[in-house]
Amino acid sequence: MDAILIQLLTGLAGASSLFLVAAGLTVIFGVTRVVNFAHGSLFMLGAYIAWSILVHLPRAPGWHAAGVLLAALATAGIGALLEIGLLRRLYRAPELLQLLATFGVLLVVQDLTLLLWGPNDLALPRPSWLRGSVAIAGARFPAYDLLLIGIGPLVLAALWLLFSRTRWGTLVRAATQDREMVAALGVDQSVLFTTVFALGAGLAGLGGALALPDGSANLQMDLTVITDAFVVVVVGGMGSLPGAYLAALLIALLQAFGVMLLPNATLVLMFVVMAAVLAVRPHGLLGRALAPARGEAQATALIRPASPALRGLGLAVLALAMAAPFLAGPFVLSVLTEALVAMLFAASLHAMMGPGGMASFGHAAWFGIGAYAAALAAKGLLMPMPVGLLLGPLLAGAAALAFGWFVVRLSGVYLAMLTLAFAQIVWAVAFQSDLTGGDNGVLGIWPDAWAQDPRVFYALALVLCAGGTLGLRRVLFSPFGYALRAARDAPARAEAIGLWPARLRLAAFALAGAAAGLAGAVGTYSKGSVFPTTISISRSVDALLMVLLGGVQTMSGPIVGALAYTGLYDVLIRATDLWRLCLGLIIIALVLAFPQGIAGAAARDRTA
Amino acid sequence: MNLTRRTLLAGSAALAAPAIARAQSPSGPIRIGEINSYTAIPAFTLPYRNGWQLAVEQVNAAGGVLGRKLEVISRDDAGRPQDAVRIAGELLNEEKVDLLAGGFLSNVGLAISDFALQNKRLYVAGEPLTDALVWQKGHRYCFRLRPSTYMQAAILVEDAAKLPAKRWVSVAPNYEYGTSTVKWFRQLLAQRRPDVSFVAEQLPALGKIDAGATVAALEAAKPEAILNVTFGPDLTNFVRQGNTRGLFEGRSVVSVLTGEPEYLDALGDETPPGWLVTGYPVDSVRDAANTAFIAAYKAKFNEMPKMGSVVGHALISSIVAGIIKAHGTDTETLCDALPGTAFDTPFGRVVWRAIDHQSTLGTYVGRTALKDGRGTMVDWRYVNGATVLPGDDVVRKLRPA
Amino acid sequence: MTALRASGLHKAFGGVQAVAGVSFAIGRGEMLAMIGPNGAGKTTCFDLVGGQLRPDAGRVMLDGQDITGQPPRALARRGVGRTFQITAVFASMTVRENVQVALQAHHRRFWRCWGAADAGFRDEAVALLAQVDMQTQADRAAGVLAYGDLKRLELAVALAAGPRLLLMDEPTAGMAPAERTALMALVRRLAHGRGLAVLFTEHDMDVVFGVADRILVLNRGHLIAEGDAAAIRADARVRAVYLGGP
Ligand SMILES: Nc1ncnc2c1ncn2[C@@H]1O[C@H](COP(=O)(O)OP(=O)(O)O)[C@@H](O)[C@H]1O
Ligand SMILES: [Mg+2]
């Protein structure tokens, strides 16, 4: 009984921490619809700034509180700068483009933090009042955790008052519901958005500063926190503060009791909860269906088959690619093979994300299933390579078909997060199962003897990946592709002419899964090994970046994006220690220069 | 793109060497291709880099190896095994390195090792801890320097077995390193102390420990002793919650790697005294080898070395010793020469074992203590790696290749 | 011959009774107008008949067969075409492709994954566009059309399936008066020529009285009057609804 009470209180403290992380994200999303990938970075900056301030202050509670608030304010300032300097320019860009921009920010902040504060974890020495405990149920419970238990609901109440009792709050709520209306009333939206973003960033900073006494400021915080924040926001319902608190409560309590009952489940618990909630409530606990993403009309680009010039260019590139084995050495061929795999991977995501209208944050799941299917066929069943290359897409496609049934009922970020949940579950299985070799992966999956020459394997990869990409492209220009696009452009109209949008989306989902699985299988044989990292979030984000960089609304976008991204990455990582800073800045510059993506910009120039 | 930008070349005259000169030639520099997770895990890999940079500088100042300069071409793997494989290919095919070295993460180490096997090139792993690297997945072309997961557990078990505690609990990060350390520790402890039982196990996700809940769950199991395998930010969180909640009071704690400055420094004045740990008492070692190393390191980098620095430094020494013995850099000759080769490290003389290509580099075991508001190791002793490795018959069973 | 018979339709949203016991029938070749003030329940009626919504009570019979609660895609196959009050076309396609997709859907080609879609049913699509006077715009992007052109395109898309029943929710909203009359005259020709049953709503009473064979008047979910133009003009309750008063 006593143990239960202690875990309950621990869970409540955890809920407050989770809520503080998520509150800012949900506020920002609710109003600006920006999917802010840099939220974890703001949290991390809050912790580092708080550390820098607090080590210089007297350690009395009052000074500590002042230091924490100062850190939150500083982070809010950084948020405001971010909004004014970057995001403001992107509100009219295609949806999720801000995601790409904020990912660039995340990369930049990672390197800047390392440069400014150094590589070591910075733990703030705790004065005795922060170490104190209270005797509860015969155990010592941290006084600071009791404080946190109170701070969560307090912040929730303060935010509620701010949004419901101030003129600013009323305007923000109005803008959430109907942007055009608020604009028509003569309210300066840009000020509104800047302040909202600053508030969200400040909350992230507050979360980081408040987390400091329990641990350290460290360089892993951004990525650790960002998934948690997204899960809480989505489970609660995007834009809903009470929902976020409820979700934080649910997750933290399940976690607190989960460690007692199922210590092995720590990797996935959160994602299982999210999948379960979304299966029952497609808009989270307290979320509502969202009005179309933007008040400003968002033009859908016209998709045309390739022009003769583009076709010529494509053929020229293909010819060059076919000549590569005669021109390039083994390393260049391995880089090109990797680019081919990335291209098919990106094209597969694009198929569901562009024409299918389903963005995914977990596309690596299918890539990974394909990769593991090939690996296990080779190592477990001792099958020759062609069998592995066949099993990869088959199993990935089948898994996508099964899981897609849940996914296609959702839309927007909810759909994307459900795919992430599934990817994390697949990842955890790969990570913990003996069959897949756990963290140490499956090794020694090299091509059959006939294909071991890098030139032969490259040719094979070219046939499979370029063939797969062109095949996908063909499908998207076929009646099925048009029907799929029809279902995305106007679902009600599509149904009224006899199409079945859910089925079309499901088919596209499975197709995308199979294509990603093929990419995964080819990738496995080219690397010789497969690890759970192939299913990691960062791998899924790679695919998103490539698609967005190239342009979602063009058919050649994923190809251009994949080649540009892998090329940039490969060059930068070998050229400089600060490759994250450079890559981040380049991404930001590209986003600002080509909001429609690189290929999108080219296409617009052509039609203009 | 400036491919030589991160090329460390002591005797810097040849820094701008044209590409043609890079081709292997007996008179040109000996080139080591080095890969590590510099951006993903800078806290551990940057001191390591300092370590090998110091070693390269020392080797070249003493006239190089076999009259040739030593050159390290270093690359970041971003913490991704797939990137490491690509980079390994680049180092071999473009940079024409003579051998591969490096690695921190176990999966990166395994990926490079597998690549080395496929391409029949030498790979000397520095830091990856997984046993698989030299046992289950071990092979002719792969050698590993640092004491493995098994060795860390075995070193601690010696002293842990002397503790009176019978009820144990464990807390370990939820991945291979954590689970296999716990597995070995339990297995080895049970051999010496059949009366011991493990009554609870916590497996927090790496980097995401829910420290309060974890500590409370361990407390609820009413243990007499605790095995801790967490490290880095998780360890800091765990220790702070444990201190406040009194988890460690009146209990024995055995903790892997916690005595290494990389981890101990972050604990600061919260370092719980009396933990039985493996590590590196850099502030109190007094022997000649360590003292010389620490002095040289401090002179160059103006800070104390960490465990990674020792590994980085020893990595270069171990390779150099092999090249000297092989009279060259031919892979097959090197792989024949390395087993049995001895080399000097800050921790003393170490040998590459012939049976499994594990080095006998050991580690220090001792107790944590607070000194001037900082954590330190006391009552320590150096444990030679050779003394804790299992017998040859056991190794042969574990290592098929 | 009765093409469609709706009887006793009920639909509530939360507390709002949007449609309360509405019954009507449409004959082959008949132009039936449904009028009523905003919020009367017209669009809800269309959604109940068109399968977008499932009625709380009541039935819908098409050519004597019960189609209550069937999804729109099934009704499309049975010959029910529809245009929407909030215009929706396929914005990422050209005008012609919009019609081609509808033709492909009608001919159940949409699972075909091979072969270029824009090669199929080209001439048929152009012919349909000519019917609504849109052939000159065939290669423009549908997303950039003027409002009236969008409405005409929607009609062409709806006609692509060769429907027997056409549901048109405010088909001429946003058009100039002359355009409205022309469009509805076209629909009337189709209805009378092909035996197509048409149910439409319209705010322009000149258009309604000019083209409708019969008129239904809806208010607060209830059918309050039914008859030809003259009867509706004369109806006291209709006058009360439209002109105010008790
Ligand atoms: N999806 C819905 N949810 C809630 N109320 C609705 C919904 N659709 C319509 N209503 C309500 O039902 C009533 C009838 O609406 P509608 O059928 O659109 O009227 P009309 O088309 O005649 O203007 C209105 O009061 C409207 O607010
Ligand atoms: Mg209406």
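Labels below follow one simple rule: chain letters A, B, ... track the order of the sequence lines, proteins then strands, and each chain is numbered from 1. Worth knowing before you read on, the calculation uses all heavy atoms, side chains too, and leaves out hydrogens, waters and symmetry mates. All values reported here derive from a predicted model rather than from experimental measurement.
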**OP:** Give a yes or no answer on whether the side chain of B:R245 reaches the backbone of A:A139 with a donor-acceptor pair at less than 3.5 Å.
**Re:** no
Original post:
Tell me, which pairs form a salt bridge (charged side-chain N to carboxylate O under 4.0 Å, His left out) where one or both residues lie in residues 120-136 of chain A, sequence neighbours left out?
Top reply: A:R126-B:E270, A:R131-B:D269, A:R131-B:E270
Subject >> Greatest number of heavy atom pairs closer than 4.5 Å to chain B - which of A:Q432, A:Q7, A:Q255, A:M260 >> reply: A:Q7
Subject >> For A:E338, salt bridge (charged side-chain N to carboxylate O under 4.0 Å, His left out) partners two or more places apart >> reply: A:K527, B:R86
Original post:
Hey, which residues of residues 214-222 of chain A are touching chain B, say heavy atoms under 4.5 Å apart?
Top reply: A:D214, A:G215, A:S216, A:N218, A:L219, A:Q220
**OP:** State, to 0.1 Å, how close B:G212 and A:T10 come at their nearest heavy-atom pair, and which atoms those are.
**Re:** C-CG2, 3.4 Å
**OP:** Indicate yes or no: at least one non-hydrogen side-chain atom of A:N440 is less than 4.5 angstrom from one of B:T130.
**Re:** yes
Subject >> Salt bridge present between B:E95 and A:R574 (N-O < 4.0 angstrom) >> reply: no
Original post:
When you measure from the side chain of B:R75 to the backbone N and O of A:I573, does any donor-acceptor pair fall under 3.5 Å?
Top reply: no
Subject >> Residue selection (most heavy-atom pairs with chain B, distance under 4.5 Å) from A:G441, A:P213, A:A252 >> reply: A:P213
**OP:** Could you verify whether a donor N or O on one side chain and an acceptor N or O on the other, from A:S529 and B:K137, lie under 3.5 Å apart?
**Re:** no
Subject >> salt bridge (charged side-chain N to carboxylate O under 4.0 Å, His left out) contacts touching residues 210-219 of chain B (sequence neighbours left out) >> reply: B:E219-B:R251
Original post:
Is it the side chain or the backbone of B:A111 that comes within 4.5 Å of chain A heavy atoms, both, or neither?
Top reply: both
**OP:** Using a 4.5 Å cut-off on heavy atoms from C-beta on, say whether the side chain of A:R580 contacts that of B:D76.
**Re:** no
Original post:
B:A217 and A:V259: which non-hydrogen atoms are nearest, and at how many Å?
Top reply: CB-CG2, 4.0 Å
